Amino acid sequence: MLDMKMIRQNLDWYKNKMAERGVEAETIDKLMELDNQRRDLIVKSESLKAERNEVSDQISHLKRNKENADDAITRMREVGAEIKQLDEQLEQVKTEQDDLEAHLPNVPHDGVPVSLTEEGAVELRKVGTPRKFDFKPKPHWEIGENLDILDFKRSAKVAGSRFVYYLGAGSMLERAVYNFYLDENDKAGYTEIIPPYMVNSASMFGTGQFPKFKENKAGFEIKDSDLTMIPTAEVPLVNFYRDEVIPSEKLPVKFTALSPAFRSEAGSAGRDTKGLIRLHQFNKVEMVQFTKPEDSWDALENITHQAESSLKKLGIPYHVITLTSSDMSFTASMTHDIEVWMPSQDCYREISSCSNTTDFQARRAHIQYRDENGKLQYIHTLNGSGLAVGRTVAAILENFQNDDGSVNIPEVLQPYMHGMKKITKQELF
RNA sequence: GGAGAGUUGGCAGAGUGGUAAUGCACCGGACUCGAAAUCCGGCGAACCGAGCUUAUACUCGGCGCGCAGGUUCAAAUCCUGUACUCUCCUCCA
């Protein structure tokens, strides 16, 4: 959500910033036109209301003194009708303006590479060296199915495409990964939370998914209810403080949560149709921070490094990129993506997305704190995957696969798997 | 799922048609060497708009009693719908 006063005062700057995200100048012009109309109507309506209040007071006095007030009442009847008409117009304009505002993305930070496509993302750093294979590395779904730890046939029968069954050691690996991540985040000072996996519309609006998410049918809404399956734990974590004032001595607040994420993947037809990369339901460990405005840019680096540190311990090669102005999510002012090396695809694939949404979500969700002067200010919110669990399992299977089809388990995960060092083909049932 | 009760300022708590009592807390002042007590004054920094502006400062106005509508010259008060909380019953991991 936007600060209209700020936009009014810095209109050209705002137009340029929105242009970086592909928003046309005409849209902003329309917004300003509506804003002017709205304020004009407010002035008219409010002056009539002031008159009504004054005369009503007189009527009340007249009646108390048993005097006749018919004239005033007749006059106020007309004023009342006029007010009603103005307020109806006002409501209409306001709805239109709100709708327009709700669709405008966050302002990109000056450090964000400007581009109207995803081309132009800046690589910040590359960590680890992709392994040289002396055999042809298999894709993770083949490895998983051969080892009998992933079953995509039965998940298709039972639920449909883009679902999976993890079996035996596969299931154990998934849970080892998320327990490892949660422990790492705990150690870094993030409070662990188990949130609701369904949320109401106000929450979806608060974090910026609605209205676009709804229009694009990007998620799973529960029929005949106001609930939506969460597309990320970011939604219940950020909305934890919706409509609240966080005591400033508590800042920064850091949350982490494991949750399934539910996404319809509409518009992704034909992309990543196999394997664990793009499912309707996947596990993700999420990190969220609430900070004072002056601390949020440091916090973005901090949250990104936290996600990276877990990956380093796993020993999976990755790089970090800063997304372009148009490739970022709607709410972000700057986003660092972490991408892991996937040998079978010979490229890096996203495993984490860390964003500073500045005060954008805080305005929508009304999350504030009191500054040193006791004034209410919007806080800044940040979110980052720390990290996607299914994609981690995919990366482990591919990066640590052996010629004989077995997979080595990263050392840091072995304690989480009863000391197992290697996954070999299992006899299950 | 059924029945009932409730939702008012930071907290407590009045108000059943005439424009939000009161207490506590908080802020300022007086008294005091200082503090406490007492006294005086202030107290919707939730939001919107106008004027004046460097200003989120100030002045004025609107709005404001869970939310959304309706009736009325006038609604916290009356009517309708709805959300949430609590209690009881039912059901259930």
Side-chain angles (χ1 to χ4, degrees), chain A residues 1-10 13 31-102 194 196-206 210 221-222 224-228 236 239-250 292-294 358-359 362-380:
Chain A
M1 203 54 97
L2 325 165
D3 183 347
M4 277 307 299
K5 275 185 192 153
M6 187 274 288
I7 293 173
R8 264 180 239 148
Q9 284 162 10
N10 306 282
W13 169 84
L31 178 71
M32 294 316 291
E33 189 190 321
L34 289 166
D35 189 54
N36 286 329
Q37 279 181 35
R38 182 180 62 88
R39 285 183 297 144
D40 192 44
L41 286 165
I42 286 174
V43 171
K44 286 179 181 159
S45 168
E46 288 192 352
S47 71
L48 287 175
K49 281 173 183 168
E51 185 188 348
R52 180 176 68 183
N53 287 342
E54 200 181 320
V55 176
S56 283
D57 199 42
Q58 290 167 14
I59 292 173
S60 142
H61 279 91
L62 288 171
K63 292 230 170 196
R64 236 175 256 156
N65 299 331
K66 309 273 190 215
E67 288 177 52
N68 188 296
D70 289 356
D71 281 358
I73 288 177
T74 312
R75 219 150 35 86
M76 284 308 99
R77 199 171 284 159
E78 283 167 28
V79 170
E82 216 174 318
I83 289 172
K84 192 174 179 184
Q85 203 217 333
L86 284 170
D87 280 352
E88 273 165 16
Q89 283 181 47
L90 178 62
E91 183 58 31
Q92 212 178 334
V93 171
K94 195 174 175 308
T95 304
E96 210 177 324
Q97 184 180 359
D98 286 348
D99 188 57
L100 199 55
E101 275 187 54
I194 300 178
Y197 297 157
M198 298 180 214
V199 295
N200 57 28
S201 300
S203 299
M204 288 294 278
F205 183 86
F210 281 4
E221 297 179 50
I222 308 297
D224 298 322
S225 91
D226 189 41
L227 296 169
T228 301
N239 280 282
F240 182 86
Y241 279 124
R242 177 152 55 79
D243 296 325
E244 291 191 32
V245 176
I246 307 178
S248 63
E249 66 270 17
K250 285 194 177 178
K292 294 180 185 175
E294 61 267 31
T358 58
D359 63 357
R363 285 178 186 281
R364 291 183 157 234
H366 305 119
I367 307 173
Q368 299 170 304
Y369 78 103
R370 280 181 203 285
D371 65 18
E372 309 75 47
N373 303 318
K375 292 233 180 286
L376 285 174
Q377 304 279 3
Y378 287 111
I379 56 145
H380 280 196

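Chain letters run A, B, ... following the sequence lines, proteins first, then strands; residues in each count from 1. This is a predicted model, so every value here is computed, not measured.
- The separation of B:rG18 from B:rU72, taken at their C1' atoms, amounts to 12 Å, rounded to a whole angstrom.
- Checking A:Thr74 against A:Glu88, the closest nucleotide of RNA chain B that is more toward the 5' end is the one next to A:Glu88.
- Between A:Lys44 atom NZ and B:rC63 atom C1' the separation is 20 Å, expressed in whole Å.
- Taking atom C1' on both B:rG15 and B:rC33, the two are 47 Å apart, rounded to the nearest angstrom.
- Across B:rG70 and B:rG64, the matching P atoms stand 13 Å from one another, rounded to whole Å.
- Within the nucleic acid shown, A:Arg75 has no heavy atom closer than 4.0 Å to any nucleic acid atom.
- The base of B:rU19 does not come close enough to the side chain of A:Ser60 for any donor and acceptor atom to sit less than 3.5 Å apart.
- Protein atom CG of A:Leu90 is 16 Å distant from nucleotide atom P of B:rG62, rounded to whole Å.
- Comparing B:rC65 with B:rG2, their C1' atoms are spaced 30 Å from each other, to the whole Å.
- Salt-bridge annotation for A:Asp35 and A:Arg38: present, with a side-chain N of the basic residue lying under 4.0 Å from a carboxylate O of the acidic one.
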Practice task
Let me have RNA chain B in dot-bracket notation, would you? Count Watson-Crick plus G-U wobble pairs, both distances under 3.5 Å, and use [ ] for pairs crossing earlier ones and | for inter-strand partners.
Solution key: ((((((((.[[[..)..(...]]].(((((.......))))).(..(((((......))))))..[[[[[..)....]]]]])))))))....
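- Salt bridge annotation for A:Asp71-A:Arg75: absent, with no cationic side-chain nitrogen under 4.0 angstrom from a carboxylate oxygen.
- For B:rG28 and B:rC58, the P atoms lie 16 Å apart once the distance is rounded to whole Å.
- Across all strands shown, A:Asn53 has heavy atoms under 4.0 Å from sugar-phosphate atoms exclusively, and none from any base.
- Side-chain atoms of A:Arg39 and A:Arg8, non-hydrogen and from C-beta on, do get closer than 4.5 Å to each other.
- Contact between the side-chain N/O atoms of A:Arg52 and the OP1/OP2 oxygens of B:rA74 is found at a separation under 4.0 Å.
- One atom, CG of A:Asn200, and another, C1' of B:rU82, lie 14 Å apart when rounded to the nearest Å.
- Within the structure, every side-chain polar atom (N or O) of A:Arg39 is placed at least 4.0 Å from both OP1 and OP2 of B:rG49.
- Going from the P atom of B:rG66 to that of B:rU54 covers 42 Å, rounded to whole Å.
- In this structure, a donor-acceptor pair under 3.5 Å is present between the side chains of A:Asn200 and A:Ser203.
- Residue contacts for A:Ala50: at a heavy-atom cut-off of 4.0 Å it reaches the sugar-phosphate backbone alone, with no base atom in range.
- Proximity note for A:Lys5 (side chain, C-beta onward) versus B:rC73, B:rU56, B:rG49: the nearest is B:rG49.
- When rounded to the nearest whole Å, the span between NZ of A:Lys84 and P of B:rG69 equals 12 Å.
- Between A:Met76 and A:Glu51, some side-chain heavy-atom pair lies under the 4.5 Å cut-off.
- Nearest nucleotide to the side chain of A:Lys49, out of B:rU56, B:rG62, B:rA50: B:rG62.
- In this entry the distance linking CZ of A:Arg38 with P of B:rC48 reads 9 Å, nearest Å.
- When distances run from any side-chain atom of A:Arg8 to the nucleotides B:rG49, B:rC73, B:rU56, the shortest one goes to B:rG49.
- Taking the side chain of A:Val43 as heavy atoms from C-beta on, and the options B:rA50, B:rC48, B:rC73, the nearest nucleotide is B:rA50.
- Straight-line distance from the CD atom of A:Gln9 to the P atom of B:rA55: 7 Å, rounded to whole Å.
- A donor-acceptor distance shorter than 3.5 angstrom exists from the side chain of A:Asn36 to the backbone of A:Met32, with no hydrogens or angles considered.
- Rounded to whole Å, atom P of B:rC67 lies 18 Å from atom CZ of A:Phe205.
- When each of A:Gln377 and A:Ile59 is assigned the nucleotide of RNA chain B with its nearest heavy atom, A:Gln377 is the one assigned upstream, toward the 5' end.
- B:rA57 and B:rG49 are spaced 14 Å apart, taking the P atom of each and rounding to whole Å.
- Between A:Leu41 and A:Gln92, the closest side-chain pair of non-hydrogen atoms is not below 4.5 Å.
- Note: NE2 (A:His366) to C1' (B:rA45) measures 16 Å, nearest angstrom.
- Between A:Trp13 and A:Met6, the closest side-chain pair of non-hydrogen atoms falls below 4.5 Å.
- If you take atom P in B:rU16 and the same atom in B:rA20, they sit 15 Å apart, rounded to whole Å.
- With a 6.0 Å radius and a threshold of 12 heavy atoms from other residues, nucleotides or ligands, A:Glu88 has its CD atom above the threshold.
- Nearest nucleotide to the A:Glu46 side chain, out of B:rC48, B:rG18, B:rC47: B:rC48.
- A:Ile42 comes within 4.0 angstrom of sugar-phosphate atoms only, judged by non-hydrogen atoms across all strands, and of no base.
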